Q: 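My structure is below; once you've seen it, I'll send some questions.
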Amino acid sequence: MRAALRALLTLWLLVAGAALAWAETIVFTDVNVVPMDRERVIPRTTVIVTDGKIASIGIMAKLPAGTPVVDGKGAWLVPGLADMHNHVTSRDDLALLLANGVTTMLNMGESTNAFAGRTRIAVNRGEVPGPQIFTALAVDGNPQYGHLVIDTPADARAIVGIARANGYSFIKVYTNLSADAFAALADEAKAQDIGVAGHNVAAVGLAKQIAAGQAMVAHVEEFFSGFFPEPPADDQQALPADARIADAIALVKTHGTFVTSDLFTYRAIAAQFGKPEVVKSYLAAPEARYLSPGDRIDWARSSYQKRAVDLSRRVAFEARFVKAMADADVPLITGGDAPTIPGLVPGFALHGEIDAMLSAGLTPWQALSAATRYPGEFIAKTVPGAAKFGVIAPGYRADLLLVADNPLKRPATLRTPLGVMANGRWYDAAALKAMLDEVAAKRVVP
């Protein structure tokens, strides 16, 4: 026991000493920059970071002696990744995200008060390692799914002010809200500059929700229940005609709506319906060693494995749908439901989503845009005063990922970062490994 405690202390000191150290100016030399402002590479250049923001690209200014320098040795520098739909609520899971190159996250509901307040503030100030945190307060019309219940328009207006006072950037709407409550919430959210995101509200429908100002659809599959025609009673998984995809694309493009691509999440759910052995395989996967004991228990008890549903046709349709949206320049953003869905481990799940997008036919540029520049545009549009991120350009938040290969040609390189900079703080490969080792040691299964 003492040996284990000493090992944990050593790991913590390594991370605290190497990763939390913060300098006013850090210089990256000899890096190939993938700025993500457009599909291009700036070869073998210098990037200067000052006070947590990118100061310049391609300019080697005269710097004070002792300025920290990261020699890229010809490696590739890209914007940090964004996970725009998770349910992370612990510092250990924040470490998993950071170690996987995730430098921005959006918690989409049921975070603890301590996480939404104290932890979010500490991380965003740079006092605790982790990605920049945004949070959404989930509301529904009844307690069916365990969310905060909003029964009347007066409740809806009141909750917007409460969310704002507690640092939430978004209201997440859920299935069972009444039409009156949604209308009041959308109106009040617009008045108070809080974004509306989330599911299809059955009493309203996505077309009306988007027209009322909902800025983001939280799952691609919400279009099945909220936009496409209802399937026949004798085949609840029947697909809409592919021609209807164009109608959905026209809707979101008209309003500039962002859509969360969750192909990996939906595939993981589809694979485990009625199949306990699949959940067991998820729990035996190498990345499952990073799961908290509580999440392991929740995965093992998941209701998906207890009821048989064949979603294979919908999985294939979603791939075509997401590809068509990407080709039409719909602003897709990456996200999942980690760690609440069996098979999705924080950080690792985001790479699973990028892989799923690529297998659906998206180009590396399209997939990487969904993980970097489009999330930055989404936050810029919906969160007044938020620091710019998602592109490597002067004035943007210094969230950076150093990788060995060109991710526009070999996206798999994103899985093994040589280092991560989050809000101006540099974590080299050793510090990232220490984070992972520490989480695994604390969550070891007896």
Side-chain angles (χ1 to χ4, degrees), residues 28 31-37 39-42 47 70 72-86 88 93-106 130-132 260-265 267 285-287 290 322 326 332-336 338 344-376 389-392 396-422 426-433 435-436:
F28 292 85
V31 286
N32 296 293
V33 175
V34 184
M36 293 306 296
D37 55 349
E39 192 170 0
R40 62 172 180 146
V41 173
I42 305 173
V47 175
V70 177
K73 299 178 180 178
W76 301 78
L77 197 67
V78 299
L81 307 177
D83 182 351
M84 302 308 289
H85 187 146
N86 70 36
V88 165
D93 285 345
L94 292 174
L96 296 180
L97 291 170
L98 193 59
N100 277 278
V102 176
T103 56
T104 303
M105 63 156 277
L106 171 56
Q132 190 83 4
T260 304
S261 174
D262 61 341
L263 294 176
F264 184 66
T265 301
R267 289 180 186 180
E287 60 268 26
Y290 301 113
V322 168
L332 294 168
I333 56 179
T334 48
L344 305 181
V345 178
F348 298 90
L350 188 73
H351 293 288
E353 178 58 31
I354 292 172
D355 289 346
M357 296 176 89
L358 295 170
S359 69
L362 277 72
T363 67
W365 162 255
Q366 290 172 329
L368 194 54
S369 293
T372 58
R373 69 186 183 98
Y374 280 141
F389 71 93
V391 170
I392 301 179
Y396 279 64
R397 212 170 67 213
D399 293 341
L400 304 168
L401 183 59
L402 188 68
V403 292
D405 297 303
N406 182 355
L408 297 177
K409 296 185 179 299
R410 186 176 172 270
T413 192
L414 298 168
R415 285 184 174 270
T416 53
L418 303 175
V420 175
M421 174 167 277
W426 173 244
Y427 304 81
D428 62 16
L432 299 177
K433 182 178 184 300
M435 289 182 192
L436 292 174

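Scope of the values below: all heavy atoms of this structure, side chains included, with no hydrogens, waters or symmetry mates. Index from 1, following the sequence. No experiment lies behind these values; they were computed from the predicted model shown.
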Q: Using the test salt bridge (Lys or Arg N to Asp or Glu O under 4.0 Å), find all partners of Asp399 that sit at least two apart in sequence or belong to another chain.
A: Arg397
Q: Assess whether side chain to side chain contact (heavy atoms under 4.5 Å, CB included) is satisfied between Ser359 and Arg267, documenting all intermediate values.
A: CA-CA 12 Å; Ser359 69; Arg267 289 180 186 180; 3.0 Å; yes
Q: Go through Val420 and Thr103 one step at a time and tell me if the side chain to side chain contact (heavy atoms under 4.5 Å, CB included) criterion holds.
A: CA-CA 8 Å; Val420 175; Thr103 56; 3.7 Å; yes
Q: Side chain to side chain contact (heavy atoms under 4.5 Å, CB included) for Phe264 and Met357? Distances and angles first, verdict last.
A: CA-CA 8 Å; Phe264 184 66; Met357 296 176 89; over 6 Å; no
Q: For Arg373, give me all partners under salt bridge (Lys or Arg N to Asp or Glu O under 4.0 Å), at least two apart in sequence or on another chain.
A: Glu377
Q: Where do Gly101 and Leu401 come nearest, in terms of heavy atoms and distance?
A: CA-CD1, 3.8 Å
Q: With sequence neighbours excluded, what pairs up with Asp93 under the salt bridge (Lys or Arg N to Asp or Glu O under 4.0 Å) test?
A: Arg443
Q: Tell me, please, which residues at least two apart from Thr260 pass side-chain contact (heavy atoms from CB on, under 4.5 Å).
A: His85, Met216, Ile333
Q: Verify side chain to side chain contact (heavy atoms under 4.5 Å, CB included) between Thr334 and Leu81, making sure each step is shown before the conclusion.
A: CA-CA 9 Å; Thr334 48; Leu81 307 177; over 6 Å; no
Q: Please give me the minimum heavy-atom distance between Gly390 and Met36, naming the atom from each residue.
A: O-CB, 4.0 Å
Q: Give me the atom names and distance for the closest heavy-atom approach of Leu97 to Pro131.
A: CD1-CG, 4.0 Å
Q: Do Leu332 and Gln366 have side chains that approach each other closer than 4.5 Å (heavy atoms only, starting at C-beta)?
A: no
Q: Output all residues satisfying side-chain contact (heavy atoms from CB on, under 4.5 Å) with Arg415, sequence neighbours left out; order by chain, then residue number.
A: His351, Asp355
Q: Quick one: list whatever passes side chain to side chain donor-acceptor pair (under 3.5 Å) with Asn100, sequence neighbours left out.
A: none
Q: For Tyr374, enumerate each residue passing the ring pair (Phe, Tyr, Trp, His ring centres under 6.0 Å) test, keeping only those at least two apart in sequence or located in another chain.
A: none
Q: For Pro407, enumerate each residue passing the side-chain contact (heavy atoms from CB on, under 4.5 Å) test, keeping only those at least two apart in sequence or located in another chain.
A: Val34, Trp76, Val78, Leu368, Val403, Thr413, Leu414
Q: Going by side chain to side chain donor-acceptor pair (under 3.5 Å), name the residues that satisfy it together with Thr372, two or more places apart in sequence or in a different chain.
A: none
Q: What residues, two or more places apart in sequence or in another chain, satisfy side chain to side chain donor-acceptor pair (under 3.5 Å) together with Gln132?
A: none
Q: Show every salt bridge (Lys or Arg N to Asp or Glu O under 4.0 Å) that has at least one partner inside residues 361-372, sequence neighbours left out.
A: none
Q: Looking only at heavy atoms, what is the nearest atom pair of Gly130 and Leu98, with distance?
A: N-CD2, 3.6 Å
Q: Please report the shortest heavy-atom distance between Ala95 and Met435, naming the atom on each side.
A: O-SD, 4.0 Å
Q: Arg40 versus Pro35: any side-chain heavy-atom pair under 4.5 Å?
A: yes
Q: Test Asp83 against every option in Thr104, Val88, Val102 by the side chain to side chain contact (heavy atoms under 4.5 Å, CB included) rule and name the one that passes.
A: Val102
Q: At their closest point, which heavy atom of Ala371 faces which heavy atom of Ile354, and how far apart are they?
A: CB-CD1, 4.2 Å
Q: Which one of Thr265, Asp262, Leu350 satisfies the side chain to side chain contact (heavy atoms under 4.5 Å, CB included) criterion with Leu344?
A: Thr265
Q: Do Pro417 and Leu402 come close enough that some side-chain heavy atom pair is under 4.5 Å?
A: no
Q: Can you sort out the partners of Tyr290 under ring pair (Phe, Tyr, Trp, His ring centres under 6.0 Å), two or more places apart, ordered by chain and number?
A: Phe348
